[in-house]
Every structure is written in structure tokens, then in C-alpha cells.
Amino acid sequence: MVLKIIEWFHANKKVFFLTFELFWIMIFLLEITTSENSLEIPQFIYVNF
Amino acid sequence: MAINGLLSRFTAAVFAILFCILILEFGLKNIGRGPNNTHKGIYEAYKDFYKLKKNIKKKIISSSGTYNIYTNSFGFRDMKPGDIELKNKPFYIFLGASDVFGDGMDYEKTFVGIFSDYASTKGIETLNMAVGGQPFIYQVMLLQDFINKDFSYYPKVVIFCFNDLNIPTFDWRNWKSNDIKVVNGDLFDSKGWILTYIKFQFENYSGTYCFLREKYQKLRQKLTSFRTSPYSEFLDAYSKTNRMHNSDTIDKFESYLKNFEDYCMKYGIIPVYVYMPLADSFRFNEILKEIGKDPEGYDTDYYENLMQRYCEKRKVQLIDLKPLLNEHYNEGRKLRFDLDAHYNIYTNKVIGEYIIKEIFHTDINDK
């Protein structure tokens with residue numbers, strides 16, 4: 001079973017690492033492009049609408 | 001075979017994403033950007049609305065910081081859980097909304113906590129009946145229910161706090177919905193609450209969800225003409241077209257206050273009103289400019305004038321916080337939390353000391 005998983009991972013490692021890299025590139029781009037503060041409008045509502 | 005290969009690659013991509021989410025979740029939590037954990041679990045149903053649960057201990061992690069909420073055996077916010085001995089003791093009661101409840105800080109740092117600390121040196125007990133988002137009707141109901149219990153003792157003074165958002169809604173039974181549902185101590189509009197409840201659970205337990213939601217909103221704001229919808233009650237409150245500018249509504253409001261004073265008189269209670277402007281009212285013109293509205297259509301002094309006129313007519317004590325806070329604002333002091341519109345710790349201290357001065361005619365800083 002473990003050998004099969006290792007074999008499967010080995011066969012798909014390119015996809016795995018590519019997705020991994022794309023995910024973090026997306027997260028860092030999101031963080032960089034949207035990090036400034038925006039206008040805050042008062043919120044006093046407690047009920048979850 | 002080709003389908004199997006595609007499925008295999010797809011599975012690998014899904015595993016990679018799940019692995020990344022796990023790392024992101026862990027990382028966000030470590031840098032203090034974990035999931036929201038606002039006021040969940042502190043409420044219980046009360047008539048057709050809600051109130052605070054009795055004897056709760058709750059650590060809140062919110063945009064304004066981490067703080068603790070305790071309620072006493074009456075179900076009012078306090079320094080610690082447990083019973084309060086009121087027999088043969090004078091006591092004062094505070095009524096109001098979240099700004100009086102003390103959102104964003106420990107009780108001893110709230111202005112009611114500061115007042116309570118000072119009052120206790122004079123042998124006076126203080127009860128904070130304020131509940132976030134609770135309209136006046138329920139606040140007065142809470143007070144009446146409390147007094148109508150088998151007590152043979154009544155508060156000496158009731159300090160009723162008004163702000164620019166709860167004056168225009170003085171006769172409302174609710175904010176937006178006609179029916180509030182309390183599920184596991186959280187508050188929901190009973191129409192379609194299940195979907196909101198699921199979303200709420202994500203907000204409570206997943207930092208990744210909160211992170212991606214925030215980024216999506218900011219990106220949308222940046223790339224399109226979309227703007228976070230201004231909190232309409234905030235703008236409407238100061239609008240000259242607000243119903244509080246109609247003489248009929250003013251009459252109703254004044255008669256509401258008069259009934260409250262009559263009720264207090266029946267039990268020998270002294271009513272004191274506090275006018276608390278919203279922290280953002282001092283930069284209201286800036287906000288209007290930002291959202292492209294004409295300042296001519298708004299008046300941020302209206303409720304202060306309304307309360308002053310009424311209290312002068314009725315000879316009721318009014319503690320007006322606007323001149324005091326305006327002074328601090330003009331000195332460049334920050335009156336609110338960065339990510340929460342409620343008064344910050346500094347402002348609560350200023351307010352607490354001022355109310356002590358107005359009620360006890362003592363300046364605690366003179367000691």
C-alpha cells in the first residue's frame with residue numbers, strides 16, 4: 001500500500017509541486033496587491049445577516 | 001487510461017491544495033490572523049430578541065484585540081462571574097448598546113468599569129445592563145424585568161446612554177429583521193439562517209477562509225468600481241431627511257423619554273442621560289468626500305442639540321460627551337480602534353473619568 005502511494009506520488013510529483021508553487025504565488029500576489037488599508041465604515045450590527 | 005491519468009493528476013493537485021491550505025491555516029494562526037471569533041456563544045433568547053447569558057466566561061479574539069467577557073448571575077457584563085450583593089447597598093445602572101457594553105476591551109478598561117471601580121470606593125455597586133445591538137425597548141424591558149423581580153430595592157440612578165445610531169431607532173424592536181434566531185449563542189436573521197450559519201462557522205474556524213474572503217473583497221474593490229457598501233444606518237442617521245427631523249417623530253421620542261422618566265420617578269430612581277457621539281462623526285465630512293456625497297444633506301450636531309433641548313426643558317441631567325471628545329479629536333487623538341468603530345481604551349478612560357466627574361463632582365485625577 002505504502003509502496004503504491006509512493007509510486008503514485010512519484011508519478012504525479014510534477015503536478016503536485018506545480019500546484020503547490022502556483023498556490024503560494026497566488027497567495028503572495030494577493031497579499032502584495034491588497035495589503036493597503038481601506039476606508040473603514042462603522043459597524044455596530046451584531047446579528048449575522 | 002487517459003482518463004485515469006487525468007484523474008490521478010487531478011487528485012495530486014487537490015492533495016497539493018489541501019496541503020497548502022493546512023500550511024496557510026497554521027501560518028495565519030501563528031501571525032495572529034486566525035479565524036474570526038467575535039461574540040459567538042454569549043447570547044440567549046429573550047422574549048422575541050436576545051440578551052447575555054448568565055455567568056459566562058468568554059475570551060474574544062476580534063479585530064480590536066483579545067479580551068475577556070464575564071457576566072454576573074444577573075446576566076450583565078461584569079469584572080467576574082458570580083453573584084452581586086445589592087441588598088442595603090446603593091447601586092447605579094448603565095443602559096445602552098455596544099459602546100456601553102465595552103466592545104473590544106476587558107471590563108476594567110471600559111468606561112463603565114472605570115466608573116464602577118470608583119463608585120465601589122464610595123460603597124456604590126454598578127450594574128452594566130448594556131447589550132451590543134440591543135434597541136432601547138429591550139434595554140428598558142431588561143431594567144423593568146430586573147426591578148419587577150421580588151426585589152425590595154431599586155437603583156438609585158439609571159444612566160441611560162444614547163448614541164447617533166440608537167436615537168433614530170428608539171422605537172424599533174429590531175435592527176433590520178423582524179425575527180431574530182439565537183443558535184448556539186449566535187444571532188441570526190431567522191429567514192435563511194442556515195446558509196449564514198454555515199458561512200459563520202467557516203468564519204469562526206478557518207483563517208484561510210477569512211484571508212481569502214478579505215483578499216477577494218479588496219481585489220474586487222481595486223479592480224472594479226465596487227466599493228464596500230457604506231453602512232447605510234450610519235449615513236442615514238445624520239441625513240437631514242432622517243425621520244428624526246420630523247416633528248411627529250421628535251414628539252414620539254420625547255414622549256418615550258418622558259415615560260421612562262415617569263417610570264423612574266415611580267421607584268424613586270434618578271435618570272441621567274449621556275449623549276455619546278460616534279467616533280466617526282468627527283471625521284464625517286472626510287467619509288462623505290470619500291464616497292462622493294454632499295455634506296449639505298447631513299448634520300452631525302442634530303442629536304446633541306435634540307438631547308440638550310429636551311433635557312433643558314425637562315430639567316434632567318445630560319452628560320454631553322461631544323465637546324469633550326471633540327477636544328481630544330482635535331488634539332489628534334485616535335478615538336476608535338483601527339478595525340472597529342467602537343471607542344478605544346484611551347477614549348473609554350476619558351469618558352469614564354468625565355462621567356465620574358459629572359456624577360460625583362470629583363476629578364479622580366486631582367487625587
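As the structure is a computational prediction, the values presented were derived from the model and not from experiment. Letters go in sequence order (proteins before strands), and every chain restarts at 1.
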*Asks:* Please collect all side chain to side chain donor-acceptor pair (under 3.5 Å) contacts where either partner lies in residues 19-32 of chain B, sequence neighbours excluded, each pair once.
*Replies:*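 Passing the test, one end in residues 19-32 of chain B: B:E25-B:S206, B:E25-B:T208.
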
*Asks:* Select one option (side chain, backbone, both, neither) describing which atoms of B:L24 are under 4.5 Å from chain A's heavy atoms.
*Replies:*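 Looking at B:L24, backbone and side chain both touch chain A.
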
*Asks:* In this structure, are over 12 heavy atoms from other groups packed under 6.0 Å from B:F26 atom CZ?
*Replies:*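 Count not over threshold, so no.
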
*Asks:* With chain A as the partner, which of B:A12, B:C20, B:A16 has the greatest number of non-hydrogen pairs under 4.5 Å?
*Replies:*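 Greatest number of close heavy-atom pairs with chain A: B:C20.
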
*Asks:* Could you check whether the rings of A:F16 and A:F20 sit parallel, tilted or perpendicular, using 30° and 60° as the cut-offs?
*Replies:*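 The rings of A:F16 and A:F20 lie parallel, inter-plane angle below 30°.
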
*Asks:* With a 4.5 angstrom heavy-atom cut-off, is it the side chain or the backbone of B:F19 that approaches chain A, or both, or neither?
*Replies:*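 Interface part for B:F19: side chain.
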
*Asks:* Partners of B:Y303 by side-chain hydrogen bond (donor to acceptor under 3.5 Å, both in side chains), sequence neighbours excluded?
*Replies:*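 side-chain hydrogen bond (donor to acceptor under 3.5 Å, both in side chains) list for B:Y303, sorted by chain: empty.
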
*Asks:* Counting neighbours of CZ on B:F15 that are heavy atoms of other residues, nucleotides or ligands and sit closer than 6.0 Å, is the number greater than 12?
*Replies:*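 It does not: B:F15 CZ has 12 such atoms or fewer within range.
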
*Asks:* Please state whether the side chain, the backbone, both or neither of B:F211 comes within less than 4.5 Å of a heavy atom of chain A.
*Replies:*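 Side chain of B:F211 only, per the 4.5 Å heavy-atom cut-off to chain A.
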
*Asks:* Given that the side chain runs from C-beta out, which part of A:F23 has a heavy atom under 4.5 Å from chain B: side chain, backbone, both or neither?
*Replies:*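 Only the side chain of A:F23 comes within 4.5 Å of chain B.
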
